[in-house]
There are 2 protein chains.
Amino acid sequence: MSAITIKMLARELNLAISTVSRALMDSYEISAATKEKVHALARQLNYQPNHYASSLRRQRSKTIAVIIPEISNNFFSHVINGIESVAQEKNYHVLIYFTHENPQKEAEVIQHLLSGRVDGILMSMAGNGSNHQHLHPIREQGIPIVFFDRICADLDAPTVTTDDFDSSVLATRHLMDVGCKKIAYLSISPHLSIDCKRMQGFQQAIADRQGQVESLLLPCGTDPERNQELITNMLANEKPDGIFASVEKLAITSYHACAALGLAIPADVKILSFSNLETASLLNPALTTIIQPAHDMGKSAATVLFNMLEKRKNRNWERNTVIRSSMIIRRSTQMAS
Amino acid sequence: MSAITIKMLARELNLAISTVSRALMDSYEISAATKEKVHALARQLNYQPNHYASSLRRQRSKTIAVIIPEISNNFFSHVINGIESVAQEKNYHVLIYFTHENPQKEAEVIQHLLSGRVDGILMSMAGNGSNHQHLHPIREQGIPIVFFDRICADLDAPTVTTDDFDSSVLATRHLMDVGCKKIAYLSISPHLSIDCKRMQGFQQAIADRQGQVESLLLPCGTDPERNQELITNMLANEKPDGIFASVEKLAITSYHACAALGLAIPADVKILSFSNLETASLLNPALTTIIQPAHDMGKSAATVLFNMLEKRKNRNWERNTVIRSSMIIRRSTQMAS
DNA sequence: AAATTTTACGGAAACGTTTGCATAAAATAT
DNA sequence: ATATTTTATGCAAACGTTTCCGTAAAATTT
């Protein structure tokens, strides 16, 4: 039941292969009558062009790759959604790869994509590992790439991010405003652009009110159980009254840690987090979140990439797009009344 | 900076193209010495085989497609994760498509995949629309396909599901056991296999205790706001004391509806739901869930598909795999004390 | 009416692989 | 020493498109 090809159409209609091909792509040098005949037969036989043949011949595949750390994460799933919506509109296809925060795996994926398999790449860096050597072949081969959220600073490529620093300043100020005197910043990985920016914002805000509040820094990782242990220990020993979770997962873990220790949120400790959790308002207590424009970031990153692919003459597509996050204050940071 | 090809390697080494090709795929008819030379140069020049050429020549692409309704859904993102883990292991690539519950879009995707673009398909049906005509060409062309969760009964293909009926019976009994006398089942779409099964389980459980409890049926849809309206109205008018949400989204909406009406969960109304929400235990109140083995279902579906692709002689791969869900009882269905 | 352009199509060469077939040289068997 | 097999390689044809080039016929211009 092999698929039907252009060659078969040609034979059936007593036309040259090239004629059929041109008719299908609506070339101007084919008569209306012939086009109609070809299209009719193609429809009738349900002809579908072979994507591999076509991609081989033209040197583009109408396919992009999305490389992300993981998918079980509200942020990334919303981003994907945004990406897919514009890819769909442009009639592009999307290959998806997960690095699971593993730079080794990241390198392998990149390596494979160097073959011309995709026309462009959308990427958010893996957290563990500071070596970016494996990214350089991308630029050498000239494959268009756009980074979003977790960017790679040593590669000259367009980026789409949110205003991590500013949002962190605001969030930290909020914590101080509601009375926190000892705030802990939960870091996910020092090699991550977002984590650095957020931490810098945090520290800046603390520094701005010099001496009024104490700050703590807790380096967490990607292992949930280890994180829970770290956070629990910190809560028990250092007794902070405020927690700034750099990512959603750490906020969730903090909730669990508080429950385990019998600490009340927000009475004993106030918590806020960068997060795209849809149920944030339904949590016990509702979680104050800095909500990132995930969907828009995906759309935006994809749009920039497609601009690159379409080789827009005005090469002034935003090199660095920043889309603002917004903070929603909820009960987890409510001041004692 | 065009990519380097087998032809270049051949020229460089004074070998025939075919020899290089065979050396790279480690054919037995190439001498060890030659193989070594070829591999060395390939490594040095960072040769990457052209996937499109190779896919065209052999008639397989080492690529599978995953077609799902949406991704901003904990169930599907976990499934994808499972799928990707086995695809990665098998060195396959994953194309992803979202139908957004739109059968029209679903048909288009299927249509495109008929071209031999992928070796196999993993699919979960879109909710709206009962017409499955667009799926038949898949079988005609003989493209391997496995359905998971939302299956298509009129296509003879392997399926991977969870025990929807049994779980629903259990869940409904639980609601009755904690004292519910008037239980509403929130349906998402009558055209969905899972919804039907779950509803049947619900009705069976009710029927088993004939006359003791009253049952309600609320047909919801995919529009959140409309759903909220429907649920709020039902809560206000019919005053059920138990809600069985067929999918996570409807449980969340129910929480919001209760909040809007000032109804207390579980005192006024008890709620449970099929759900993979990670924060279920942190909700206010913690939500009783029937948690589906999403990751395992993804792995399983992918495994079945790869068995088909590898044309295992013993064609007795499970036609219908069922992986059990488990219910976790939490405060949202706690009996009044 | 002859010269030129336009229109509509066909032939064939690519794109980068894989693979069936052919074949020299080397190794083994007669 | 000759005949046969094995080993290691090369040639060329695919896979299904797209596209460069060529060219009859038709249309237009001179």
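Atoms considered below: every heavy atom in the structure, side chains included; atoms not considered: hydrogens, waters and symmetry mates. Order of the sequence lines sets the chain letters (A, B, ...), proteins ahead of strands, with each chain counted from 1.
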Distance from [X] atom [atom1] to [Y] atom [atom2], nearest 0.5 Å?
X: B/His93; Y: A/Leu95; atom1: NE2; atom2: CG; value: 7.5 Å
X: A/Leu114; Y: A/Ile138; atom1: CG; atom2: CD1; value: 7.0 Å
X: A/His51; Y: B/Leu113; atom1: NE2; atom2: CG; value: 10.5 Å
X: B/Ser193; Y: B/Phe147; atom1: OG; atom2: CZ; value: 10.0 Å

* Asked: Quick one: is C/dG16 close enough that its OP1 or OP2 comes under 4.0 Å of any side-chain N or O from A/Gln59?
  ->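 The answer is yes; a side-chain N or O of A/Gln59 sits under 4.0 Å from OP1 or OP2.
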* **Short side-chain N/O contact from B/Tyr47 to OP1 or OP2 of C/dG16, under 4.0 Å** => no
Just how far, in rounded Å, is [atom2] of [N] from [atom1] of [X]?
X: B/Asn50; N: C/dT18; atom1: CG; atom2: P; result: 10 Å
X: B/Ile6; N: D/dT9; atom1: CD1; atom2: P; result: 15 Å
X: B/Arg57; N: C/dT18; atom1: CZ; atom2: C1'; result: 4 Å
X: A/Leu56; N: D/dG16; atom1: CG; atom2: C1'; result: 9 Å
X: B/Lys7; N: C/dT18; atom1: NZ; atom2: C1'; result: 14 Å
X: B/His51; N: C/dG16; atom1: NE2; atom2: P; result: 16 Å
X: B/Arg11; N: D/dC11; atom1: CZ; atom2: P; result: 13 Å
X: A/Leu24; N: C/dC9; atom1: CG; atom2: P; result: 13 Å

If the threshold is 4.0 Å, N to carboxylate O, is there a salt bridge linking [X] and [Y]?
X: A/Lys62; Y: A/Asp119; value: no
X: A/Glu36; Y: A/Arg43; value: yes
X: B/Lys299; Y: B/Glu89; value: no

What I want to check is whether the side chains of [X] and [Y] have a donor and an acceptor closer together than 3.5 Å.
X: A/Thr159; Y: A/Asn320; value: yes
X: A/Thr34; Y: A/Arg22; value: no
X: B/His132; Y: B/Asp154; value: yes
X: A/Asn50; Y: B/Ser115; value: no
X: A/Gln48; Y: B/His112; value: no
X: A/Arg117; Y: B/Ser55; value: no

Those residues of [range] lying under 4.0 Å from DNA chain C by at least one heavy atom:
range: residues 25-34 of chain A; result: A/Glu29, A/Ile30, A/Ser31, A/Thr34
range: residues 14-22 of chain B; result: B/Ile17, B/Ser18, B/Ser21, B/Arg22
range: residues 107-119 of chain A; result: none

* Where along residues 37-45 of chain B does a heavy atom come under 4.0 Å from DNA chain D, residue by residue in number order? ->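 Contacting residues: none.
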* To do: Spell out, as yes or no, whether a donor-acceptor pair under 3.5 Å connects the side chain of A/Ser18 to the backbone of A/Ala16.
  =>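 No: the side chain of A/Ser18 does not pair with the backbone of A/Ala16.
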* salt bridge (Lys or Arg N to Asp or Glu O under 4.0 Å) pairs, two or more places apart, involving residues 3-16 of chain B -> none
* To do: Just do the side-chain hydrogen bond (donor to acceptor under 3.5 Å, both in side chains) check on B/Glu106 and B/His134 with the steps written out, would you?
  => CA-CA 8 Å; B/Glu106 192 172 82; B/His134 57 291; 2.9 Å; yes
* Identify, between A/Lys35 and B/Ser54, the residue whose nearest nucleotide on DNA chain C lies closer to the 5' end. => A/Lys35
* Structure fact -> Students should find that the end-to-end axis angle of the helix from C/dA1-D/dT30 to C/dT30-D/dA1, with five pairs defining each axis and rounding to 10 degrees, is 50°
